[in-house]
*Asks:* 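Input: one structure, supplied below.
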Amino acid sequence: MAIPPPDLRVLCRRLASTPVDDLPHICPLLVSHVLRCGEALSAVPETKAKDKSSETATLVHRLRTHITTLLTGKSASGRFAAVSLVKAVVDVGGWESLRASDAWIRGLISILGKPDPLVSKELCVITLTKIYSLLQGYQTLVREMATPTLPSFVTAMLNLVKPPASSKALKVPTSFVDTVAGSLANIVALYPTTTRPFNAQIRAAFKAYVAPTMSDAVIVPQSLRESARSLLIVLHYTAPKNGSSDEWVKGIKSYIKEAHATADQVFRAVRESWESTAGYRVDTVRTDGEPFGGGDEADELPAWTGVTAGSERLAGLIGQLIEYLKVPTKAPVTVPVGELLDLASRITLITLPKPTTGEDSVETNPAISRDEKAELWSVLPEVHMAILNLHTVLLCRLAANALPLATDILDQMVRVFTSGRHIAPIRETVYVLAKDLLEISGPGLLKLTVDSMAPVIQSTCQDILRATGHYDSPAGGKQDSNSTTNPNPNPKKPTAGKNGAGILNPQKAQSSGNADAYLTASTTTTSSSSDPIFAAALSLLPLFLSRLPQRHLSPEARGLVDRTAILANSKQAMLASVLNPYKDTRGRYYPTILPFLIRQFLADQEVEVLRTNLMRIGAGVSQTVATSWDPEEGLEELAAAAANTGEKEEEEEDEEDEEMVDAEADADKEADAQLAAEDQNQKSKAAAAAAAGVWGAATEKSAAAGETSSKPNPFATVPIDSPESRARRAAQGLVNKPKRKIEEEAANPPKRVTRSSRRKTLDAEEETSATTTAEVSEELATPAPAPAPAKPVVAVMEQKEDEDDGEDSDSGESVQIDMSLEDSEDEEDEE
C-alpha cells in the first residue's frame, strides 16, 4: 500500500486555500509540487481501493477537479494557473493523465477564443501541442480525443494569426505567430489527414513570412522566417495517397523558378555571361523605373520594389531552398541537384568589381544608372552568403553522395571568396563550407584545385594570427606591395610566403625571429574566444594538413600553416602536421614541428603516444633536411651534396674494377712463378738422373713425355725398376702439366673468371684427376716383367731409340685425346 506523497497533499491544500487571483504568483511553486507527484499521478487506480491507496486516489481526483474548475472558471488568472498545471500534469502523468484530459482539451481550445491575455493563449497552444503529440502513440485516444477536437484547434490558431489587410497592422506579435507556426508544423506532420482541409489557409497565412523584404509593413525575425518555411514545407505530408514526394519536388522547383525571376530583376544592371544548363530562359526586363516583383495573387509572394528589397527576396528564396534540404520528408524524394547548382552558378558568376579597376572589370548594362549599380554591389555579398549556406546544407544532406559536386562547389566558393574576402561574414561562411568540402573530397583534389585554394589558406591563417595577436594587418584588408613581398630584412628567411601570406610586421618579425619565443607569447585574447570567425578558421586549419594532398601544397603554404598552428597553440593542427610530413618535389622532407608539440603539450596522452612512436623518425628526418623555417634555404647545398655522393659512388665502382684487374694480374703472376719453379725442379731432377746413368736417362725421357701430354701415356713402355722408382714416376705424371697447355695459356691472357665457368672448370679437372688416378693404379697393379739379358751399350741405345719411336706414335694418340678435352673446356669457358 502506497502512502500518498506529501507534495500531493500540499498541492491540494494550496489550491483550495489560495485566492484565485493570487494563483499566478505561486504557479512556479505549484508546478514544482506537481513534478514531484509523477508516480501518484501515473499510477493505475486499484479496483478495490484500501486505506492509503484510496487516500492517494482521492487526492489525485481532487487535484484534477480543482484544475477543471479553474479552467472553466470566469477568472483569467485562474485559467492561466490551470493551463500551467495541465501542462505539468500531462508531462509526468503518462497514459492515466492523458485518458482523463478530454475535458481539459476542450477547455484549452475555448480559451483561444476568449479575451484572455496573449501569454495565456500562447501557453494554451504549447500545452495542446504537447497533448496531441503524446496522444499520437495511443490510437484509441487519437480516435476518441484528437480527431474530434483537432479541427477546432487549427481553426482557432489560424483565426489568431490571420494576415490583416495591407493597411492594418498585425493583431498579434511576431513571437506568437512564431509559436503558432511551430505548433502547426508539428500537428501537420503528426495528423496530415486531419489537417489536409486547412492546406490553403495555412499557405495564405504564412507565405508573407517566408521571404520578407523592406517593402513589407512588418519586420519579421529570423526565427519566424525559419518556422514559417518549415511549416510550408511539411504541407507536402497532406498530399493524398503516395503523392508526398511529387508534392515536395513540385514545391522546391517552384521556389527555384521564383528565384530566377527575382534574379532577372535584381541583376538587370549586369550583362550576365551565364547560360542555363537546366533549360531556364532569362526574361526580358524593362530598364526604366526600379526593379520589382511579387504580387497579390494567392500563389504569389508579397510585392517588392527596389534593388535592396529584391536582394532580400532573393536571399529569402534561397533560404527556403535551404529549409527544403533540412526538413525531414515523409517519403524518399528526388533532389533537383542540377537546378540548384544552375541557380548557384548564375549568382556566383556575378562578383564584386576589383577595387583597382572598378566597374571596368565587370560588364554592366549602360542603360542602368550608376546609383543602381552601386546599390547592387552593396547587397551582392548577402546573396553570395545565402548561396554558400545552400552549398553547406546540400553537402550535409547528401553526405558522401555529394562527392561528384565537390569540384563545382569549390570553384564557386573560391570565386566568391576572391571577390569578397574583405567581408568578415563571407570569410566565416567560406571557412565552414571549406571544412565540409575537405572532409568529403579533400584527398582526391587535383593540384590545380588545391592551388586555387591558396587565398583561402592564407586568409585562414591571417584570421587566426590576428585573433591571437600575431598579425597587425587590418581585418580582411589587403596588404600593400611592400608588405606582401618580404617584410623581413633577411631575404633568406622571409616571414611571408610568395603569395603574400605575411605573419608579422617587420618589427614583430625581427623580435620574434626565434620560433621558441612563440611558445611564451599569449596565444589567445579575450575577444578571440567568442569570435565566430576565429572558431571557424581554427576548426578548418587542421584539415589543410590532414585532408589536402600534401604533395600539391606549395612549400610556402605548408610553412605558413605550420607556423600558424604553433602560434595559435592548436594541438589538432600540430598533430596533423606531424602525422602528415611534407615532402617536396625533390623528395626532401620539410622540418617536423614535433619538438614544438611536445614542449607545448607535455602532459597530453595523445602527444606522449605520438612522441614515443615518432621521435626516432623525426630525428632521422631532421638530420636529412635543413633546420631553418625557410623551405628554400639550403637547396643548393643539398644539390651539391647529392652530386658529390654520385661522384663518390662512381669512384668507388672504378676502384673496385681496378682491384679486380689487379687481383687477376697477381693470380697470373703467381701461376707463372709456380710453373717456372716446376720447370726448374724438373730440370734439376733430370740432371740428377743423367748423372746416375741409363735409368736416369730413361727417367728424363719419361718426364719429357709427361710434359707433352696432359696425363701419363698408358701405352708407353715402363722400364723395369723398383717400386720406389715407379711411385716416383707416377707422382711426376700427376704433378706435371702438359707443355702445350702452358704455352697456350702464356699466349692468351687470362679471362675474367665467372662463377659458372669456374664451376665447369673444377668439374672438368675433377674428372681428369679421377681418370689419371685410375690409370696409375692399374699401372702399379701390373706385375713387372722378367729382367732382360745384358746387352752392349750400343744395342741398348738402339733399342731405346726404337722404344722412343713407339712412344712417339703412342703419345701422339694420347696428345690428340688431351687436345680434344682442352677444346671442350675452352668452349665451356666461352659459353
Side-chain angles (χ1 to χ4, degrees), residues 226 229-230 233 236 245 248-253 255-257 259-260 274 276-280 315 317-349 383-418 426-453 455-457 460 536-537 539-549 552 576:
E226 295 177 357
R229 292 167 184 171
S230 300
I233 292 171
H236 77 276
S245 299
W248 187 90
V249 174
K250 179 181 178 182
I252 190 173
K253 288 186 176 180
Y255 283 107
I256 293 175
K257 183 177 180 181
H260 277 296
W274 164 78
S276 176
T277 58
Y280 180 79
L317 293 172
I318 297 174
Q320 179 69 353
L321 298 176
I322 293 175
E323 288 296 325
Y324 262 99
L325 298 175
K326 293 170 63 176
V327 175
T329 58
K330 185 179 181 180
V333 295
T334 303
V335 180
V337 177
E339 297 183 14
L340 291 174
L341 291 181
D342 188 43
L343 175 63
S345 177
R346 177 182 184 181
I347 295 175
T348 55
L349 282 175
V383 183
H384 283 167
M385 283 190 293
I387 286 295
L388 295 178
N389 290 328
L390 175 63
H391 286 326
T392 303
V393 176
L394 183 63
L395 292 176
C396 182
R397 183 64 181 268
L398 299 181
N401 297 321
L403 184 61
L405 314 176
T407 304
D408 294 339
I409 294 176
L410 193 145
D411 291 342
Q412 296 178 10
M413 180 194 72
V414 172
R415 190 183 306 123
V416 171
F417 181 81
T418 304
I426 285 185
R427 296 203 305 274
E428 178 185 355
T429 308
V430 168
Y431 296 158
V432 175
L433 177 58
K435 181 175 180 293
D436 296 338
L437 278 173
L438 293 183
E439 288 179 349
I440 293 175
S441 63
L445 295 179
L446 301 177
K447 179 173 174 39
L448 184 63
T449 306
V450 175
D451 292 341
S452 67
M453 291 189 65
V456 180
I457 298 175
T460 302
S539 62
L540 175 62
L541 184 66
L543 298 184
F544 291 147
L545 301 167
S546 61
R547 301 298 295 174
L548 277 180
H552 297 335

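Below, all heavy atoms of this structure are taken into account, side chains as well, without hydrogens, waters or symmetry copies.
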*Asks:* What distance do Leu410 atom CG and Leu437 atom CG have between them, rounded to the nearest 0.5 Å?
*Replies:*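 One finds 5.5 Å between CG of Leu410 and CG of Leu437.
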*Asks:* Which residues pass the ring-ring contact (aromatic ring centres under 6.0 Å, His included) test with Tyr255, not counting sequence neighbours?
*Replies:* Tyr324
*Asks:* Mind checking what makes side chain to side chain donor-acceptor pair (under 3.5 Å) contact with Ser230, not counting sequence neighbours?
*Replies:* Glu323
*Asks:* Could you pull out all residues at least two apart from Lys330 that satisfy side chain to side chain donor-acceptor pair (under 3.5 Å)?
*Replies:*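 Lys330: no side chain to side chain donor-acceptor pair (under 3.5 Å) contacts found.
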*Asks:* To the closest 0.5 Å, what do you measure between CG (Leu403) and CD1 (Ile440)?
*Replies:* 8.0 Å
*Asks:* May I have all residue pairs that pass side-chain hydrogen bond (donor to acceptor under 3.5 Å, both in side chains) and include part of residues 398-409, sequence neighbours excluded?
*Replies:* none
*Asks:* Please report the interatomic distance CD1(Ile347) to CG(Leu343), rounded to the nearest 0.5 Å.
*Replies:*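 Nearest 0.5 Å value for the CD1-CG distance: 4.0 Å.
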*Asks:* How far apart are the C-alpha atoms of Gln412 and His391, what are their side-chain angles, what is the distance that settles it, and do they pass the side chain to side chain contact (heavy atoms under 4.5 Å, CB included) test?
*Replies:* CA-CA 10 Å; Gln412 296 178 10; His391 286 326; 2.7 Å; yes
*Asks:* Sequence neighbours left out, what passes salt bridge (Lys or Arg N to Asp or Glu O under 4.0 Å) with Glu226? Give chain and number order.
*Replies:*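 Partners of Glu226 under the salt bridge (Lys or Arg N to Asp or Glu O under 4.0 Å) test: none.
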*Asks:* For Thr277, enumerate each residue passing the side chain to side chain donor-acceptor pair (under 3.5 Å) test, keeping only those at least two apart in sequence or located in another chain.
*Replies:* Asp342
*Asks:* Salt bridge (Lys or Arg N to Asp or Glu O under 4.0 Å) with Lys257: which residues, sequence neighbours excluded?
*Replies:*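 Listed in chain order: nothing, the list is empty.
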*Asks:* OG of Ser276 to CZ of Arg346: how many Å apart, nearest 0.5 Å?
*Replies:*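 Between Ser276 OG and Arg346 CZ, I get 8.5 Å after rounding to 0.5 Å.
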*Asks:* Can you give me the closest heavy-atom contact between Leu388 and Met413, atom names plus distance?
*Replies:*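 Reported closest heavy-atom pair: CD2-CA, 4.1 Å.
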*Asks:* To the nearest 0.5 Å, tell me how far Leu390 CG sits from Leu325 CG.
*Replies:* 6.5 Å
*Asks:* Using side chain to side chain contact (heavy atoms under 4.5 Å, CB included), reason through Trp248 and Thr334 one step at a time and then give a plain yes or no.
*Replies:* CA-CA 9 Å; Trp248 187 90; Thr334 303; over 6 Å; no
*Asks:* Apply side chain to side chain contact (heavy atoms under 4.5 Å, CB included) to Met385 and Ile426, showing your working.
*Replies:* CA-CA 6 Å; Met385 283 190 293; Ile426 285 185; 3.6 Å; yes
*Asks:* Say you draw a straight line from CG of Leu445 to CZ of Arg547; how long is it, rounded to the nearest 0.5 Å?
*Replies:*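 Separation between the atoms: 9.5 Å.
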*Asks:* For Met453 and Leu548, which heavy atoms make the closest approach, and how far apart are they?
*Replies:*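 Heavy atoms only, the tightest pair is SD-CD2, 4.5 Å.
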*Asks:* Please identify each residue that fulfils salt bridge (Lys or Arg N to Asp or Glu O under 4.0 Å) with Asp411, with sequence neighbours left out.
*Replies:*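 Scan of Asp411 (salt bridge (Lys or Arg N to Asp or Glu O under 4.0 Å), adjacent residues dropped) gives none.
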*Asks:* side-chain contact (heavy atoms from CB on, under 4.5 Å) with Val337: which residues, sequence neighbours excluded?
*Replies:*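 Partners of Val337 under the side-chain contact (heavy atoms from CB on, under 4.5 Å) test: Val335, Leu341, Leu398, Leu405.
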*Asks:* With Lys250, which residues qualify under salt bridge (Lys or Arg N to Asp or Glu O under 4.0 Å), at least two apart?
*Replies:*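 Salt bridge (Lys or Arg N to Asp or Glu O under 4.0 Å) list for Lys250, sorted by chain: empty.
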*Asks:* Could you pull out the closest heavy-atom pair between Pro542 and Ala576, with the gap in Å?
*Replies:*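 Minimum heavy-atom contact is O-CB, 3.8 Å.
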*Asks:* Of all residues at least two apart in sequence or in a different chain, which pass the side-chain contact (heavy atoms from CB on, under 4.5 Å) check with Thr460?
*Replies:* Tyr431, Val456, Ile464, Ala537, Leu540, Phe544
*Asks:* Leu317 vs Leu321, test: side chain to side chain contact (heavy atoms under 4.5 Å, CB included). Steps then yes/no.
*Replies:* CA-CA 6 Å; Leu317 293 172; Leu321 298 176; 5.9 Å; no
*Asks:* Just jot down the side chain to side chain donor-acceptor pair (under 3.5 Å) partners of Glu428, sequence neighbours excluded, or say none.
*Replies:*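 Not a single residue meets the side chain to side chain donor-acceptor pair (under 3.5 Å) criterion with Glu428.
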*Asks:* Heavy atoms, side chains only, cut-off 4.5 Å: are Leu543 and Glu439 in contact?
*Replies:* yes
*Asks:* Please name the pair of heavy atoms, one in Gly442 and one in Pro549, separated by the smallest distance, quoted to 0.1 Å.
*Replies:* O-CD, 3.3 Å
*Asks:* If you take all heavy atoms of Ser245 and Ala331, which pair is closest and at what distance?
*Replies:* OG-CB, 3.6 Å
*Asks:* Return yes when atom NZ of Lys253 has more than 12 non-hydrogen atoms of other residues, nucleotides or ligands closer than 6.0 Å, and no otherwise.
*Replies:*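 12 or below, so no.
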